[in-house]
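In what follows, a structure is listed as structure tokens, so that the remarks can point back to it.
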Amino acid sequence: MKKVWLAAVISSVLLSPASFANNGDKIVVAHRGASGYLPEHTLPAKALAYAMKPDYIEQDVVMTKDDQLVVLHDHYLDRVTDVAEVFPNRARKDGRYYAIDFTLAEIKQLSVTEGFNLKDGKQVQGFPERYPMWQSNFTVPTLQEEIEMIQGLNKTLGYDIGIYPEIKAPWFHRHEGKDISKAVLEVLKEYGYTSKDSKVYVQTFDFNELKRIHDELLPAMKIDLKLVQLMAYTDWNETMVYDKDGKAQPYSYDWMFKTDGMKTVAKYADGIGPWKPMVVSDQSSKGNIKLTGLVKAAHAQGMAVHPYTFRKDEGRIPAYAEDFADMLDIFYNTANVDGVFTDFPNLAVDFISERE
Ligand code: G3P
Ligand code: CA
């Protein structure tokens with residue numbers, strides 16, 4: 001949709017036909033909606049994002065006790081809702097309130113707020129400059145409610161904005177007896193997302209689950225969708241595997257960063273979602289940008305690269321960039337990524353259109 005620096009693109013393509021995974025189109029993914037302006041993953045944040053005309057709007061998806069799919073970043077409810085007040089006795093031993101322990105009807109009773117952390121028993125807003133905590137009234141949407149709103153807006157406004165669902169912690173859901181991947185794919189199929197031409201990317205951090213989706217679930221459902229492997233470092237404990245004693249151990253991502261890592265990922269995925277420093281080294285400085293080589297390696301395998309997360313909040317712009325626009329320039333132009341996940345979709349859309 002967005003042709004950026006056409007001359008540069010043409011010359012790059014001429015020099016290296018495999019260097020672009022998507023014909024030079026650069027995309028914007030509204031990360032958790034317009035989450036820099038309204039509480040993440042609420043329908044108002046998604047409607048606001050829609051009005052900013054990104055290419056895709058992201059949904060993080062988790063499952064409830066009664067097998068419903070809700071849009072929430074964490075598989076806990078306590079960072080963005082009043083669950084601790086409404087259901088004070090429902091935390092697990094670790095003190096967290098797991099979405100999977102609540103029915104949809106119970107989750108619908110909760111109010112959603114801008115995210116916070118508890119410090120000395122007090123709620124401290126994660127991004128202090130963002131939307132005020134507990135202001136107005138927001139609730140947790142289901143995946144279907146969100147898709148229906150986006151598809152409805154596609155009809156009324158005439159745009160073709162896609163969805164970018166992330167299957168959260170499938171390893172955890174399966175351990176709890178729930179096949180979240182199958183449930184998400186069934187909803188996508190029901191709403192007409194059935195082929196690689198459909199305006200959807202399905203993302204997950206869990207490589208074993210990505211393989212299962214590619215090799216088993218999609219063929220069994222007779223659909224084929226674009227898949228994105230999200231990348232993490234092993235010590236983030238983002239993905240776990242259960243050993244023979246039932247103890248969760250961190251999944252090792254180390255192989256993904258080695259020679260041939262991208263070749264293996266490309267057997268199953270159409271793209272990767274790396275953390276920004278996996279693309280542009282934190283050793284970079286102004287005027288001396290050091291690329292890690294990940295984009296080239298992924299492009300050589302025909303995969304798109306959509307790094308996360310581009311934020312303009314205080315302390316979130318790396319020292320090697322002058323400002324938010326410069327950071328976008330470094331990633332879109334110097335590092336040649338194909339898209340970015342951003343909490344500020346209007347800024348990335350403006351950045352791209354100004355350079356068209
Ligand atoms: O899915 C891309 C990006 O959202 C990954 O980070 O933790 O915000 O889901 P997270
Ligand atoms: Ca996500």
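Read the numbers this way: they start at 1 and go in the same order the structure lists the ligands and their atoms.
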Surrounding NZ of Lys189 (heavy atoms of other residues, nucleotides or ligands, distance under 6.0 Å), is the total greater than 12? yes

Aromatic ring proximity, centroids under 6.0 angstrom, Tyr251 and Tyr253: yes

To the nearest 0.1 Å, how far is atom 6 (O) of ligand 1 from its closest protein heavy atom, and which atom is that? Tyr308 CD1, 3.9 Å

For atom 4 (O) of ligand 1, closest protein heavy-atom neighbour: His31 NE2, 2.7 Å

Mark yes when over 12 heavy atoms from residues, nucleotides or ligands other than Lys296 sit less than 6.0 Å from its NZ; otherwise mark no. no

Does ligand 1 have any atom sitting under 4.0 Å from a heavy atom of Arg32? yes

Has Lys178 got more than 12 heavy atoms of other residues, nucleotides or ligands less than 6.0 Å from its NZ? yes

Would you tell me whether Asp224 and Ser195 have side-chain atoms, one donor and one acceptor, within less than 3.5 Å of each other? no

Per-atom contacts of ligand 1 with His73, taking only distances under 4.0 Å to non-hydrogen atoms: 7 (O), 8 (O), 9 (O), 10 (P)

Would you call the rings of Tyr159 and Tyr50 parallel, tilted or perpendicular if under 30° counts as parallel and over 60° as perpendicular? parallel

So, is Thr309 polar-close to ligand 1, with some N/O to N/O distance under 3.5 Å? no

Do other residues, nucleotides or ligands put more than 12 heavy atoms under 6.0 Å from the CD atom of Gln151? yes

With the Ca ion (ligand 2) as the point of reference, which N/O/S atom of Glu58 is the closest? OE2

Asp60: which N/O/S atom is nearest the Ca ion (ligand 2)? OD1

Distance filter under 4.0 Å to Leu230 heavy atoms, resulting ligand 1 atoms: 1 (O), 2 (C)

Could you tell me, atom by atom, which parts of ligand 1 come under 4.0 Å of a heavy atom of Glu58? 1 (O), 2 (C), 4 (O)

Contact atoms of ligand 1, heavy-atom distance to Gln203 under 4.0 Å: 1 (O), 2 (C)

Glu209/Arg212 salt bridge by N-O under 4.0 Å criterion: yes

Atom of Glu166 nearest the Ca ion (ligand 2) (restricted to N/O/S, atom name only): OE1

